[in-house]
Amino acid sequence: PGLRVDPVGADGPSADVPLVPGGVIRHKHGYMRRYFFPMEPVPVILTDTNLVKPALSWNLEYLEKNLGDGDFSVFYSKDHKFKYYDQAKYNDKVVPDFTPPMSQATMKFSEFLVKFRQWKHGQPRMYLQHPLNDSVGKAIKDDFLAFNWKWLESVQKEHNWGNLSSNLIYIGMEGNVTPVHYDEQENFFAQVEGFKRCILFPPETFECLYPYPVFHPHDRQSQVDFDKPDFESFPKARHLRGFECVLEPGDVLYIPKYWWHHVESLLGAGHTTSINFWYKSGPLTQVEYPLKPQRKVAMIRNLEKVVTEALGNPFEVGPLFEALALGRYI
Ligand SMILES: CCC[C@@H](CC(=O)O)C(=O)C(=O)O
Ligand SMILES: [Zn+2]
């Protein structure tokens, strides 16, 4: 449903090219949305880790049979974008006109599957995102225990990472997008079913992606809309250059802490299933100079928090930093 001839498709009109305002780019497995910035290939995709090898049999039927009858968190979005927001930061005094861009429901996996399978184009899209916890059935537990933990633990030790904080399973519709954002944890992102395009930008891209203020519900998310960029408000977005790859089942992508990433499920390629492995960072090593960009982003976040708390009002933060910098540092 929803796949129609699109005259602006990369290779000209052909059956089943999805109708996307900005046009699409054909990929061997489906279609990718076209964006305004240049990209080069991600240099390294891990294809032989066997990290989630047992999960390569996790098709929807297997999951329905074995995931158990726990509750699952499912997000709904009126468009293709599932932009994360922190419910806890949703404070109408700080952000008076904030409207959550997606809604969340909790349901049994079987209920999710029924809705997921009968989805019609034009209805709100769905994205199941839930921690793998011990409510899952025995078969899933056994598969999970058979993940390549030995390799993962060797990496964790070698890089002095903290503990594994969570494994989330993601089941998305083709064409779903998680807009560009960064996380504060190291992430091994494993693709299980379907094809996911990941676009990465290094941490120093902070100034071209204009993240929301730390107290905003969209903290860590970029204000730049890749489908409709506002170059007036965010002029440096013109300088964006990304790294892209399309993950296939069995591929693992290392998304380092503070690296920006945009993730989309290829159009015309069926649903996607992914599992991520988020690690807390290890103990702070002593500061080394020159400061790494990650360290500067962490510093900016701390400054925003301290100054916002001290001023007691997020709207005074801008004027204070202007008074501090204009004519003195800029
Ligand atoms: C909720 C976000 C999940 C994932 C993106 C995706 O697969 O859609 C991601 O951003 C991450 O694993 O950090
Ligand atoms: Zn992320």
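Indexing begins at 1, ligand by ligand and atom by atom, following the structure's order.
Between Lys305 and Glu309 there is no salt bridge, since no side-chain nitrogen of the basic residue lies less than 4.0 Å from a carboxylate oxygen of the acidic one. With respect to the salt-bridge test (charged N to carboxylate O, under 4.0 angstrom), the residues Glu248 and Lys28 qualify. Comment: Asp219 engages Arg301 in a salt bridge, judged by a side-chain N to carboxylate O separation of less than 4.0 angstrom. Between Glu61 and Arg117, at least one side-chain N (NZ, or NE/NH1/NH2) sits under 4.0 Å from a carboxylate O, which counts as a salt bridge. A salt bridge links Asp183 with Arg220: the closest approach of a Lys/Arg side-chain nitrogen to an acidic carboxylate oxygen falls below 4.0 angstrom.
At the shortest separation from atom 13 (O) of ligand 1 among protein heavy atoms lies Asp183 OD2, 2.9 Å. The protein atom (non-hydrogen) at minimum distance from atom 9 (C) of ligand 1 is His261 NE2, 3.9 Å. The shortest contact between atom 12 (O) of ligand 1 and any protein heavy atom is with Asn276 ND2, 2.9 Å. The protein heavy-atom contact nearest to atom 4 (C) of ligand 1 is Phe189 CE1, 3.8 Å.
Residues Tyr212 and Phe98 place their aromatic rings such that the two centres sit no closer than 6.0 Å. Checked against the 6.0 Å centroid criterion, the rings of Phe188 and Tyr279 do not qualify as a close aromatic pair. No close placement of the Phe144 and Trp58 rings is indicated, their centers lying 6.0 Å or farther apart.
Under a 4.0 angstrom heavy-atom cut-off, Tyr127 registers as being in contact with ligand 1. Residue Lys196 places a heavy atom less than 4.0 Å from ligand 1.
At a heavy-atom distance under 4.0 Å, no atom of Phe82 approaches ligand 1. Residue Ile255 does not touch ligand 1, judged by heavy-atom distances below 4.0 Å.
For ligand 1, the atoms lying closer than 4.0 Å to a non-hydrogen atom of Val263 are 5 (C), 6 (C), 7 (O), 8 (O). For ligand 1, the atoms sitting less than 4.0 Å from at least one non-hydrogen atom of Tyr170 are 1 (C), 2 (C), 3 (C), numbered in the order shown with element in parentheses. With ligand atoms numbered from 1 in the order given, ligand 1 contributes 11 (C), 12 (O), 13 (O) to contacts under 4.0 Å with heavy atoms of Asn187.
A distance of 15.0 Å separates OH in Tyr254 from OG1 in Thr49, rounded to the nearest 0.5 Å. Gln191 contributes atom CD, which lies 10.0 Å from atom CG of Leu56 (distance to the nearest 0.5 angstrom).
Between His181 and ligand 1, at least one pair of N/O atoms sits closer than 3.5 Å. Below 3.5 Å of separation, one finds no N or O of Gln129 facing any N or O of ligand 1.
Distances from the Zn ion (ligand 2) to each N, O or S atom of His181 single out NE2 as the nearest. Nearest N/O/S atom of Asp183 relative to the Zn ion (ligand 2): this is OD2. Looking at His261 and the Zn ion (ligand 2) together, the shortest N, O or S contact belongs to NE2.
Remark: among candidates Thr178, Ile171, Leu168, the nearest residue to atom 8 (O) of ligand 1 is Thr178, based on non-hydrogen atoms.
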Audit row: Gln185, Ser165, side-chain hydrogen bond (donor to acceptor under 3.5 Å, both in side chains) steps and yes/no: CA-CA 9 Å; Gln185 297 195 59; Ser165 66; 2.7 Å; yes

